Number of protein chains: 2
Amino acid sequence: MHVFETQVVWQQDKACEVKSSDRPALTVATPPEFGGPEGVWTPEHLLVAAVDSCLLSTFLYFADRFKLPLRSYASAAQGRVEKTLEGLRFTGIDVSIRFAVADAKAVQKAMSLRLQEKLEKYCPVSASLGCPVRLDLDVSQADDVA
Amino acid sequence: MHVFETQVVWQQDKACEVKSSDRPALTVATPPEFGGPEGVWTPEHLLVAAVDSCLLSTFLYFADRFKLPLRSYASAAQGRVEKTLEGLRFTGIDVSIRFAVADAKAVQKAMSLRLQEKLEKYCPVSASLGCPVRLDLDVSQADDVA
């Protein structure tokens, strides 16, 4: 079993400091949508960031395991929060992933690995949510202009 | 409906940069437990931080609504990740909340508000997870030594 710990201390207004051992402290506040300040990380953005970055982490695990010559990876995630009968809830997170590999052979290999299925199943953060996480993966061949 | 967006760009090894409009960029990496570096935020810590800070945000909403004279608030969260038949999953997050209010009358009021129940029901991040979030609330009277 692995344990992940954080501490929160309320600062003022709608903002707090979030710490976790020797990691850089984060200022987090209620989103502007709910009366918080602009330009500050919010709990909702942290949840989406957790999903977005955990998918990369899981992707890197498989890229390494299958010796995929990865050249670049970028993703964009959108989490939707909606009023439901039970209150405000995340109703879905969509993640668009674009990655590039070394050559045409590697593109074929990437396409044969069923990476989307693997990410959906093995990304621990996405799979721990109560709402659907939808992935869209796109692979291309890196331009070897070097 | 509210939309929360992030972008991830892989940097090197097991680390990425996470952005969200004009918020400060975050470096995030695979946890040390899974081969990542020390001292860097991880997807798993971000998920726990999202829960921990969203509970404060929800708490502040009710403190304001019920005019609770809040003096301090600090919490500590522990998320457990375990190997299950489906793969690694968060199996539970425990959050211990300690807050202080102005005087004995406010302590009584806080105790009558069923804050734990309200947080469990209305914290959008906690309530969007597929694993249980267990809360432990403790209220005290702030020392007015000023």
Side-chain angles (χ1 to χ4, degrees), chain A residues 1-10 14 16 18 20 22-24 26 28-31 33-34 38-54 56-57 60-61 72-82 86-90 121-122 124-125 127-131, chain B residues 1-10 14 16 18 20 22-24 26 28-31 33-34 38-54 56-57 60-61 72-82 86-90 121-122 124-125 127-131:
Chain A
M1 188 178 74
H2 303 288
V3 176
F4 299 91
E5 299 187 312
T6 62
Q7 292 86 41
V8 158
V9 176
W10 177 45
K14 293 175 190 292
C16 66
V18 185
S20 176
D22 59 346
R23 297 175 179 88
L26 284 182
V28 177
T30 301
E33 290 87 337
F34 307 137
E38 298 279 345
V40 179
W41 283 94
T42 76
E44 288 80 356
H45 285 97
L46 290 183
L47 181 71
V48 177
V51 169
D52 205 0
S53 57
C54 200
L56 167 63
S57 197
L60 291 174
Y61 168 80
S72 66
Y73 175 111
S75 60
Q78 288 196 323
R80 292 180 301 282
V81 170
E82 296 179 84
E86 287 82 37
L88 287 169
R89 294 290 185 271
F90 273 88
K121 185 166 178 185
Y122 293 108
V125 168
S128 297
L129 299 189
C131 70
Chain B
M1 188 179 74
H2 304 286
V3 177
F4 299 92
E5 299 187 313
T6 62
Q7 292 86 41
V8 158
V9 176
W10 176 45
K14 294 176 190 292
C16 66
V18 185
S20 176
D22 59 347
R23 297 175 179 86
L26 282 182
V28 177
T30 300
E33 289 87 338
F34 307 137
E38 299 279 345
V40 179
W41 283 93
T42 75
E44 288 80 355
H45 284 98
L46 290 183
L47 180 71
V48 178
V51 169
D52 205 0
S53 58
C54 200
L56 166 64
S57 197
L60 291 174
Y61 168 79
S72 67
Y73 176 111
S75 60
Q78 287 196 324
R80 291 180 300 281
V81 170
E82 295 179 84
E86 287 83 35
L88 287 169
R89 294 290 184 272
F90 273 89
K121 185 166 177 187
Y122 294 107
V125 168
S128 297
L129 299 189
C131 70

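We use all heavy atoms of the structure for the numbers below, so side chains are in, but hydrogens, waters and symmetry mates are not. Numbered from 1 within each chain, the chains take letters A, B, ... in sequence-line order. Everything numeric here is computed off the predicted structure, so don't read it as measured data.
Heavy-atom pairs under 4.5 Å with chain A peak, among B/Cys54, B/Gly39, B/Ala29, B/Ala76, at B/Gly39. Among B/Ser57, B/Gly79, B/Ala74, the residue making the largest number of heavy-atom pairs under 4.5 Å with chain A is B/Gly79. Of the residues considered (A/Leu47, A/Leu129, A/Val9), A/Leu129 shows the highest number of contacts with chain B, using heavy-atom pairs under 4.5 Å. Interface summary for chain B: among A/Tyr73, A/Tyr61, A/Tyr122, the most heavy-atom pairs under 4.5 angstrom belong to A/Tyr73. The choice from B/Leu56, B/Thr42, B/Val51, B/Val28 that makes the most heavy-atom pairs within less than 4.5 Å of chain A is B/Leu56. Ranked by heavy-atom pairs under 4.5 Å with chain A, the list B/Pro124, B/Cys131, B/Gly87 is led by B/Pro124. Here B/Val8 is the residue among B/Val125, B/Asp22, B/Thr30, B/Val8 with the most heavy-atom pairs under 4.5 Å with chain A. With chain B as the partner, the residue from A/Ser53, A/Pro31, A/Cys16 showing the most heavy-atom pairs under 4.5 Å is A/Ser53.
Between the CD atom in B/Glu5 and the NE2 atom in A/His45 there is a gap of 7.5 Å [rounded to 0.5 Å]. B/Glu44 CD to A/Ser20 OG: the interatomic distance, rounded to the nearest 0.5 Å, is 11.0 Å.
Using cut-offs of 30° and 60° for the angle between ring planes, the B/Phe4 and A/Phe34 rings count as tilted.
Of all heavy-atom pairs between A/Arg89 and B/Lys121, the closest is NH2-O, 3.1 Å. Smallest separation of non-hydrogen atoms from B/Leu26 and A/Leu46: CD1-CD2, 4.5 Å. Considering every non-hydrogen atom in both A/Glu33 and B/Val3, the closest pair reads OE2-O, 4.1 Å.
Between the side chain of B/Arg23 and the backbone N or O of A/Val40 there is at least one donor-acceptor pair closer than 3.5 Å.
When heavy atoms are compared at a cutoff of 4.5 Å, A/Gln78 approaches chain B by way of both its backbone and its side chain. Interface residue A/Ser72: only backbone heavy atoms are found under 4.5 Å from chain B. Only the side chain of A/Leu60 comes within contact range of chain B, with heavy atoms under 4.5 Å apart.
Between B/Trp10 and A/Ser75 the shortest side-chain heavy-atom distance does not fall below 4.5 Å.
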